[in-house]
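Heavy atoms only: backbone and side chains are in, while hydrogens, waters and symmetry mates are out.
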Amino acid sequence: MVYARLSKLSAGPPADEALRGKMARAVARLQALRQLLENPPPGAVPPALVDPLDVCHILTDRWLSSEALAALAGRWAASHNGQYLFHSPTTMLFAPEPEDLTSRAAYDAALGRFIRTTVAQSATSDDSAYFLKSRDACSTPASHRLSIFRAGAVADAQPGAWLSEEFTLTAEDDGQRTLQLGVPHQPALLWKAYAVAGAVASIVPRPSVDLASAGSPLAREPILHLDSQRLSRETVPLDPGVVVALTPEQQARVEQTVAYLAAEMGVSLFGVDIVFEEGTDRMFIVDLNYFPGYGGVDNLFPLLEEQLLHAARDRCT
């Protein structure tokens, strides 16, 4: 799927030659990977470098990872008397039909219908917030762009307002989007847990969006268009008086969740974005990605070296 989508990207009119070249090289690498996955040598085990490639594929796809997280959350609860270790936000997939891709106007109309129908079915109030993201979780410019809006803004939204001006069907992506129901959380930050060797290497606070308070940017702008790697303090105000630290109980939950995901999915190098719901302290995993940037992790390279050596020894025995 990823290969087919990138093939379309590299064939269409590029935003610039650098982007087109990057996409073409990515297509070549993914084509070789796809052939290996679909036509492994007779008797071969599923291909893996450090982690199984079929699992890595799930972690690079927001729709597949949301389904996996929901299933794993339910599996834990079923074996622990209905008690959830973590939750996965309600997530829906928009996959445009071929006729929706004939023009930007046709695409905007189809996306608008999907959003209006989905919000009508899932919103609990006009303040319910939604995150519109690309299906690709990494490696493309679109993967870090998102739109955020409240249910109350849907009725008056104009066609084309859902995505930023940078969006184009031919040069950026094929238009598949996930729509995730937001989780109100305070303060306006999330926690990124980095895993190495299937265990927490570090838990780092990251800026998030205030969805609930009267000072939320959503109170001023009906639809926000953001880049998750460039969130500013103007967009995401952080109270300097707030102590940015997890409680011991929250820390233990994060560590237990990371260990559970690693064991169940068979993956060792990944990151999870976590928020704690305001009023309930329920823990939600709002994003999951493979081999993240590991920003803020001390002693990263010795940890990676140890994991790589461990994986190599396993492959040789």
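Note that the CG atom of D136 and the OG atom of S143 stand 7.0 Å from one another [nearest 0.5 Å]. Taking OG from S147 and CG from L163, the interatomic distance works out to 5.0 Å, rounded to the nearest 0.5 Å. Atoms CG and CD1, from L179 and I115 in turn, are 6.0 Å apart once rounded to the nearest 0.5 Å. We find the OG1-CD1 distance between T257 and I274 to be 6.0 Å, quoted to the nearest 0.5 Å. For the atom pair CZ of F276 and NE2 of H185, the computed distance is 11.5 Å after rounding to the nearest 0.5 Å. Taken to the nearest 0.5 Å, the CG atom of L59 stands 13.0 Å off from the CZ atom of F291.
Of the candidates F86, Y260, Y84, W76 forms a ring-ring contact (aromatic ring centres under 6.0 Å, His included) with just one, namely Y260.
By the 4.5 Å heavy-atom criterion applied to side chains, Q250 and M283 are not counted as neighbours. Two residues are said to be in side-chain contact when any heavy atoms from C-beta on lie closer than 4.5 Å; P217 and R220 meet this criterion. In this structure, F131 and L181 have side chains that are not in contact, with every pair of non-hydrogen atoms separated by 4.5 Å or more. You'll find the side chain of Q176 stays beyond 4.5 Å of the side chain of S134, heavy atoms only. Within the 4.5 Å cutoff, the side chain of P96 has heavy atoms near those of the L101 side chain.
Distance alone, capped at 3.5 Å, is enough to place a donor-acceptor pair between the T60 side chain and the H57 backbone. Between the D100 side chain and the E97 main chain, a donor and an acceptor come within less than 3.5 Å of each other. No donor-acceptor pair under 3.5 Å is formed between the side chain of R145 and the backbone N or O of L226.
Residues that satisfy the side chain to side chain contact (heavy atoms under 4.5 Å, CB included) test with T91, not counting sequence neighbours, are W63, S66, T178, Q180. For F270, the ring pair (Phe, Tyr, Trp, His ring centres under 6.0 Å) test picks out no residue, with sequence neighbours left out. In this view, S79 satisfies the side-chain hydrogen bond (donor to acceptor under 3.5 Å, both in side chains) rule with no residue, not counting sequence neighbours. The side-chain hydrogen bond (donor to acceptor under 3.5 Å, both in side chains) check on S125 picks up nothing, with sequence neighbours excluded. By the salt bridge (charged side-chain N to carboxylate O under 4.0 Å, His left out) test, R282 pairs with E277, sequence neighbours left out. Residues satisfying the ring pair (Phe, Tyr, Trp, His ring centres under 6.0 Å) criterion with F114, sequence neighbours excluded, are F94. Residues passing the ring pair (Phe, Tyr, Trp, His ring centres under 6.0 Å) test with H225: none are found, sequence neighbours excluded. With sequence neighbours excluded, no residue satisfies side-chain hydrogen bond (donor to acceptor under 3.5 Å, both in side chains) with R113. Every residue was checked against the side-chain hydrogen bond (donor to acceptor under 3.5 Å, both in side chains) condition with E67, not counting sequence neighbours, and none meets it. Under the salt bridge (charged side-chain N to carboxylate O under 4.0 Å, His left out) criterion, D281 pairs with R253, sequence neighbours left out.
A donor-acceptor contact closer than 3.5 angstrom links the side chains of T124 and S128. Checked by atom type, the side-chain pair T102/Y107 shows no donor-acceptor distance below 3.5 Å.
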L288 vs S65, test: side-chain contact (heavy atoms from CB on, under 4.5 Å). Steps then yes/no.
CA-CA 7 Å; L288 173 67; S65 63; 4.1 Å; yes

Going through the checks in order, is the side-chain contact (heavy atoms from CB on, under 4.5 Å) test met by R116 and T118?
CA-CA 6 Å; R116 286 191 292 272; T118 302; over 6 Å; no

Does the pair L211 and I148 meet the rule for a side-chain contact (heavy atoms from CB on, under 4.5 Å), with working shown?
CA-CA 9 Å; L211 302 178; I148 309 173; 4.2 Å; yes

Working for salt bridge (charged side-chain N to carboxylate O under 4.0 Å, His left out), residues D61 and R135:
CA-CA 6 Å; D61 184 313; R135 182 170 178 172; 2.9 Å; yes

One pair to check against side-chain contact (heavy atoms from CB on, under 4.5 Å): V183 and E278. What are the steps and the verdict?
CA-CA 8 Å; V183 180; E278 185 179 24; over 6 Å; no

Can you check ring-ring contact (aromatic ring centres under 6.0 Å, His included) on W162 and F149, steps first, answer last?
CA-CA 9 Å; W162 303 111; F149 56 90; 4.8 Å; yes

Yes or no on side chain to side chain donor-acceptor pair (under 3.5 Å) for S122 and Y130, after CA distance, side-chain angles and deciding distance?
CA-CA 10 Å; S122 59; Y130 291 84; 2.7 Å; yes

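Counting all heavy atoms, side chain and backbone alike, R104 lies closest to S164 at NH2-O, 4.5 Å. Nearest heavy atom pair, residue G182 against residue P184, reads O-CD, 3.7 Å.
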In residues 191-203, what donor-acceptor pairs under 3.5 Å come from side-chain atoms, sequence neighbours left out?
unit_1, atom_1, unit_2, atom_2, d
K192, NZ, D273, OD1, 2.4
K192, NZ, D273, OD2, 3.4
Y194, OH, R206, NH2, 3.4

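The residues D126 and R150 are annotated as not salt-bridged, no charged nitrogen and carboxylate oxygen being separated by less than 4.0 angstrom.
Annotation: salt bridge (Lys or Arg N to Asp or Glu O under 4.0 Å) contacts involving residues 70-91, sequence neighbours excluded, comprise R75-E264.
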